[in-house]
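Here is the structure we will look at.
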Number of protein chains: 2
Amino acid sequence: MNKKLEEAPLTFISGEIRTGPGAIQNLSIDCVIFGFHQGRLKVLCVKYAMGEHAGRWALPGGWLHKDESIDDSAARHLRDLTGLEDIYLEQLQAFGSIDRVPGQRIVTIAYYALVRPEDYELIIGYTTDDVQWRDVEETSGLIFDHDQILHCALDSLRHKVRHEPIGFNLLPKKFTLLQLQELYEAILDVKLDKPNFRRKMIKMKLLVPSGEKQQHVAHRAAELYRFDEEIYKRLCEQGFTFEV
Amino acid sequence: MNKKLEEAPLTFISGEIRTGPGAIQNLSIDCVIFGFHQGRLKVLCVKYAMGEHAGRWALPGGWLHKDESIDDSAARHLRDLTGLEDIYLEQLQAFGSIDRVPGQRIVTIAYYALVRPEDYELIIGYTTDDVQWRDVEETSGLIFDHDQILHCALDSLRHKVRHEPIGFNLLPKKFTLLQLQELYEAILDVKLDKPNFRRKMIKMKLLVPSGEKQQHVAHRAAELYRFDEEIYKRLCEQGFTFEV
DNA sequence: ACAAAAGTGTTTTGTCTACACCCATGC
DNA sequence: GCATGGGTGTAGACAAAACACTTTTGT
């Protein structure tokens, strides 16, 4: 773990960002990594230890290398930071104001990722100075234009989560309908009607009951569902569109 | 006009793309410029005159300069090619496969623009070897990954036009409801019911009658409407969302 | 008169919403 | 038994779809 963190995404030497070997000048990658924990939407942030910006929070990122595509680069940075592979990862957009990094001209390509709580438990407790899950609502004051990137990613997530079944990437593989509802309520910042939400989801046929139920709960145990990607693809071919 | 075309977006010298002065290495801008003409969705393409790729069609584009933001750069390229300012212009995304330009590593940031037929009449007849409006459906075989970029832009447009009132940017300032319907039918490739489409649009209150009517038509003259940006903003603040 | 498109009305069907209600389980 | 969440039922409001119909205008 520590080894990975030493490979800091951006290295500051007395205020200037130094590119590594194999890196492309002027081009970086930044990742907005969303998580969902205890009913709150979280984002993974890193804190720089050295240089002019020491102590300030930022989105994780790093240089684009010559021998990798931009998508591969984002996946590499995500893997280096979290150890996770096969994560939902999608390009947000490029950010390229002239002065987004003072004194240098760096265009960054931002990605956002959705990770499962069960997968990132390794680092959820890792609340040192270096890397931390932060509440999205309470995260501001990030370095450079990272506040703007985060805001943009959140907008995109809010929109996308309503029109595509990507929210499941933030939940455990098996989840209850209430968990799913709470996820939507957290992301969209709305209150939903339980019976109606339930019916809407069931009617779409995208969720298949796992046959298992919750264990050790102080109320009637709920059915655990999983999202079926194959069914979704098949329905899409028939003109189905996901809507929440 | 010819002067502008001489400032070719990308200059090929015996197969290699040469950057100009002030350009940033490895970073280019490409524009997908949509138009709507005679009921068909069009895209503006350019043909290279010299070099290895002579005779092949491409999306217009060029280098990102050091002293301009990526948004400004896209607007500059659009202006240089068409002479138009204040055009609807939005970033699509970055494209950065390793081998998208053979032998070189160039990441491009793609934009798409929507232009009014009344504005581009200057060049609609300009069907020389250099620049041409082409039918979107019949456009393929473009250089590099430009087919993919076009496809991606069309996907984005199809999605966006249903959830945001941007289609009006492809129509004259004043238009009839049937023109609007035909635009949606062309973009989404569907057939819509006239009475229902009409009511849906009217009910949204976004269109204001101009008081004028069509002239010299061989049937009952239709009311000409215009889209009101201010009303749209006001409605959005009240939680309104545009849907077609 | 006729063609062509403008524009209105109506019926049917389905979906969204709100809210009342019963069920299962652990304490 | 009671709190908690799981899960079902239902009536009314609302919106979408299908299509018949009337109006206006140039030829």
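Protein chains get the first letters and strands the later ones, always in sequence-line order, with residue 1 at the start of each. What's counted below: heavy atoms across the whole structure, side chains too, no hydrogens, waters or symmetry copies.
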Rounded to 10°, the helix from dA1(C)-dT27(D) to dC27(C)-dG1(D) deviates from straight, judged by its five-pair end axes, by 10°
What heavy-atom pair brings Asp135(A) and Lys42(A) nearest, and what distance separates the two atoms? OD2-NZ, 3.2 Å
Quick check: on DNA chain C, is the nucleotide nearest Thr176(B) upstream (toward 5') of the one nearest Arg199(B), or the reverse? Name the residue that is more 5'. Thr176(B)
Residue-phosphate contact under 4.0 Å: Arg220(B) side-chain N/O, dA4(C) OP1/OP2: no
Side-chain atoms of Asp193(B) come closest, of dT8(C), dA4(C), dA18(D), to dA18(D)
Under 4.0 Å between a side-chain N/O of Arg198(A) and OP1 or OP2 of dG6(D), yes or no? no
Check each of Phe227(B), Tyr225(B), Phe168(B) against Phe175(B) using the ring pair (Phe, Tyr, Trp, His ring centres under 6.0 Å) test, and report the only one that passes. Phe168(B)
Can you identify which nucleotide, out of dT8(C), dG26(C), dA17(D), has its nearest atom closest to the Ala218(A) side chain? dG26(C)
Close side-chain approach of Leu206(B) and Asp228(B), heavy atoms under 4.5 Å: no
Audit row: Lys160(B), Tyr112(B), side-chain contact (heavy atoms from CB on, under 4.5 Å) steps and yes/no: CA-CA 12 Å; Lys160(B) 200 146 190 162; Tyr112(B) 67 97; 3.3 Å; yes
Nearest whole angstrom, please: distance from the C1' of dA17(D) to the CZ of Phe197(B). 15 Å
Quick one: closest heavy-atom pair of Cys31(A) and His77(A), and the distance? SG-CB, 4.4 Å
Describe the nucleic acid contact of Leu178(A) in one word from base, sugar-phosphate, nothing, applying a heavy-atom distance below 4.0 Å. sugar-phosphate
Hey, is the side chain of Lys194(B) poking within less than 4.0 Å of OP1 or OP2 on dA5(C), counting only N and O atoms? no
5' priority, DNA chain C, between Tyr225(B) and His219(B) [closest heavy atom]: His219(B)
Regarding dA18(C), can its base be found pairing with the side chain of Asn196(A) as donor and acceptor, where the two atoms are less than 3.5 Å apart? yes
Between Ile33(A) and Trp133(A) the two heavy atoms that sit nearest each other are O-CZ3, 3.5 Å
